[in-house]
*Asks:* 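To start, I am sharing the structure in question, which I have written as structure tokens.
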2 protein chains.
Amino acid sequence: MLAERQKQILKAIIEEYVVHAEPVGSRTISKRDDIGYSAATVRNEMADLEDLGFVEQPHTSAGRIPSQMGYRYYVDNLMGPQRLERTDLLQVRELFASQMDAVELTIQQTGSILSRLTNYTSIILGPEAIHNKLKHLQVIPLNERSAVAIVVSDNGHVDQRRFTVPDGVSLSSIEKLVNILNVKLSGVPLVRLKRNVYQELFAELDRHVEQYEFLLGVIDQMLLADTDDRIFTSGTTNILTQPEFTDVTQVKALMDLFEQTDTVTKLFATNNAGVQVRIGEENSIATVNNCSIVTASFSIDGRSLGTVGVLGPTRMDYNKVVSLMQVLTTDLSEHLRQLYK
Amino acid sequence: MLAERQKQILKAIIEEYVVHAEPVGSRTISKRDDIGYSAATVRNEMADLEDLGFVEQPHTSAGRIPSQMGYRYYVDNLMGPQRLERTDLLQVRELFASQMDAVELTIQQTGSILSRLTNYTSIILGPEAIHNKLKHLQVIPLNERSAVAIVVSDNGHVDQRRFTVPDGVSLSSIEKLVNILNVKLSGVPLVRLKRNVYQELFAELDRHVEQYEFLLGVIDQMLLADTDDRIFTSGTTNILTQPEFTDVTQVKALMDLFEQTDTVTKLFATNNAGVQVRIGEENSIATVNNCSIVTASFSIDGRSLGTVGVLGPTRMDYNKVVSLMQVLTTDLSEHLRQLYK
DNA sequence: TGTTAGCACTCAAAGATCATGAGTGCTAAT
DNA sequence: ATTAGCACTCATGATCTTTGAGTGCTAACA
């Protein structure tokens, strides 16, 4: 347990370092309005804090910088429920006040505002198609040999895929198939589609329709490809303005990371309710060991829909990011609830 | 007009510099197999080439680097019709041999292979929706208040947009409207849609359907938003491996550039047939004044469909890029022709 | 006359040396 | 318990030196 004065000083160190990105010395701390002690006293406390592992010294004659443990303590115990700047809050409210119909658009703009207000990179994992149910299926022929299959799910998400009609399959038989599927499968979760067909409709389809497998194959591929569309990034270049990323090779590693969908999913996925902070090496992937990731999931009626995330340097304005995320996920959940209604 | 030996030496300088990215000295040139002159002779010629403006000297005791004018001369006169590496050609052929139905997918993969083979960044401006014609229009209601509008064009491109049904508009009237539009407007170029409605269908719609304007508005917005979807970038981080981009601020400027759709369009758009090379300051935008851009448009029956582009440092392997682009656009055009058939 | 060997000269880049000052740890006074 | 004072440390930036790749010029050569 830290003494009150130690807490004060640790808090001050972190807040200074977050702003200036340079080791902070005892004099700097001593001069702050919220600290009433001399530099010497602060120095003593700082030495203690270092022994305890909350701060580090890059070299003997430099100031202190927070350690990962220090940040962790700050996030868990010291961080006050700071108010958001009024202008920031206003922007968020304005965003959701403007009528946005498309789920995709809402999510994209949420990401955009998040990265703009924090100056970090934001990533949003959209709703998983897994939960969606079939609303409508449609096949539109383009010419004798090719057609477009369109799957609309109950949340308004639209998937499409062009395909070539194999020889020996007539357009009319496709039409018949689509009709049957629409009637029988409306409301069925997309992931169950194929199974349902084989379990319940096998006999009927076999009797009426020739070669229905290939169309099911097309639909199946659509749903598979869909997971890629779940990731929305914004403000990718923001990290480039952070002083800790002057090294181009590191930047490249990070940029490449963003393009690997599976890694991104692994990094940002969370099923916890509430805001979660992962600091430095608490992240499993080495590339982001000098980064912190703040995530929060948004949901409707307890059902998680996706995750909002911010990636920045370990020296992050946790206070601001966390409060912003709280507001944002609450508002986003509410907004989506209205849309899905 | 350059003397034969001068051409030889200029060519050698450029080819060395493209590989090693460092000023090349007379001895290096002299030791090449295709040069049979001593370093001293080469030095004399280099001095002449410098006077003529084809090469530059960073400082007195350094080797020479090609000037923009030098590159230009190389591209226009010196560059031989080099064969593509067999493995590269193989990859291209393989790409198009695999059955790809979706136009979007084809284009994306073309970009991906282009950036992989060149190690530069590739950008593709997809077919402009402008030319597309309406194939099918569909509105699928999700619940009492919202619905999805889907526009399928004759090339298989699908646009979608979710919208809220205003009060006082019934679903049945929307259905009626969609039916009329489908019958009357099939085959009409998308850009003409709205005009056609007002010119030809005004009377009929006015008689049968209440409040059709809002749906037309929805469709209009879809088509507007569509221009954004035309741009496919790939290998954005490739430029980070180039030694000329160690400066993070420059990298950021470039990255930000990629996100401005209008600038990208301006930079890469070309209606010329064939491969076009823009070197350094020949590009209108300052951010890319130390870059070169190679573009080529792909087309069907002379109608231009879009542009393939590569962005790299001025020190670019023009020979390789140009030959690759030639093959790629030819094959892509052919492939699309089969798809559109 | 065109080509090449030789040599003095130039200058960026990398290493070595030095001064500066921010910041510490310790001790002694308050 | 707190703080003023002081000697000590060490990264940073400035200045100087060395090194070597490369040039330009001149004179010799084919």
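Protein chains get the first letters and strands the later ones, always in sequence-line order, with residue 1 at the start of each.
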*Asks:* Do the non-hydrogen side-chain atoms of T295(A) and R278(A) ever get within less than 4.5 Å of each other?
*Replies:*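 T295(A) reaches R278(A) side chain to side chain.
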*Asks:* Does any residue of residues 52-61 of chain A have a heavy atom under 4.0 Å from DNA chain C, and if so, which ones, in number order?
*Replies:*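 Result for residues 52-61 of chain A: Q57(A), T60(A), S61(A), sorted by number.
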*Asks:* Can you confirm whether R27(B) is buried at CZ, in the sense that more than 12 heavy atoms of other residues, nucleotides or ligands lie under 6.0 Å from that atom?
*Replies:*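 Count not over threshold, so no.
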*Asks:* Using a cut-off of less than 4.0 Å, is there contact between a side-chain N or O of R5(A) and OP1 or OP2 of dT2(D)?
*Replies:*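 So the side chain of R5(A) is within the cut-off, an N or O lying under 4.0 Å from OP1 or OP2 of dT2(D).
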*Asks:* Any salt bridge linking E85(B) with K320(B)? Criterion: basic side-chain nitrogen under 4.0 Å from a carboxylate oxygen.
*Replies:*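 No, this pair does not count.
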*Asks:* Could you state the CE-P distance from M46(A) to dT2(D), rounded to the nearest angstrom?
*Replies:*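 For the pair M46(A) CE and dT2(D) P, the rounded distance is 17 Å.
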*Asks:* Would R72(B) and D76(B) pass as an ion pair if we require N to O under 4.0 Å?
*Replies:*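 Yes, R72(B) and D76(B) are salt-bridged.
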*Asks:* With sequence neighbours left out, write down each residue that passes side chain to side chain contact (heavy atoms under 4.5 Å, CB included) with R5(B), or none if nothing qualifies.
*Replies:*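 Residues passing side chain to side chain contact (heavy atoms under 4.5 Å, CB included) with R5(B): I9(B), Y37(B), T41(B), E45(B).
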*Asks:* Give me the ring orientation class for F54(A) and Y73(A): parallel if the planes are under 30° apart, tilted from 30 to 60°, perpendicular past 60°.
*Replies:*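 Ring orientation, 0 to 90° scale: perpendicular.
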*Asks:* Can you give me the first and the last nucleotide of DNA chain C (5' to 3') that has an atom within less than 4.0 angstrom of a non-hydrogen atom in chain B?
*Replies:*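 Going 5' to 3' along DNA chain C, contacts run dT3(C) to dA12(C).
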*Asks:* Short of 4.0 Å, heavy atom to strand atom, which residues of residues 16-24 of chain A count as contacting DNA chain C?
*Replies:*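 The answer is none.
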*Asks:* Is there any side chain to side chain donor-acceptor pair (under 3.5 Å) pair reaching into residues 58-69 of chain A, and which pairs are they, with sequence neighbours excluded?
*Replies:*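 Output for this query lists E50(A)-R64(A).
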*Asks:* Does E22(A) have more than 12 heavy atoms from other residues, nucleotides or ligands lying within 6.0 Å of its CD?
*Replies:*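 No - once you tally the heavy atoms of other residues, nucleotides and ligands closer than 6.0 Å, there are 12 at most.
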*Asks:* Taking the side chain as every heavy atom from C-beta outward, state whether Y120(A) and D317(A) have any pair of such atoms under 4.5 Å apart.
*Replies:*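 A side-chain contact under 4.5 Å exists here.
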*Asks:* Classify A62(A) by what it touches in the nucleic acid, base, sugar-phosphate, or nothing, heavy-atom distance under 4.0 Å.
*Replies:*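 Sugar-phosphate contact only - A62(A) comes under 4.0 Å of backbone atoms but never of a base.
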*Asks:* Do any pairs count as a salt bridge (Lys or Arg N to Asp or Glu O under 4.0 Å) and have a residue in residues 251-261 of chain B, sequence neighbours left out, and if so which ones?
*Replies:*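 Residue pairs passing salt bridge (Lys or Arg N to Asp or Glu O under 4.0 Å), neighbours aside: K252(B)-D256(B).
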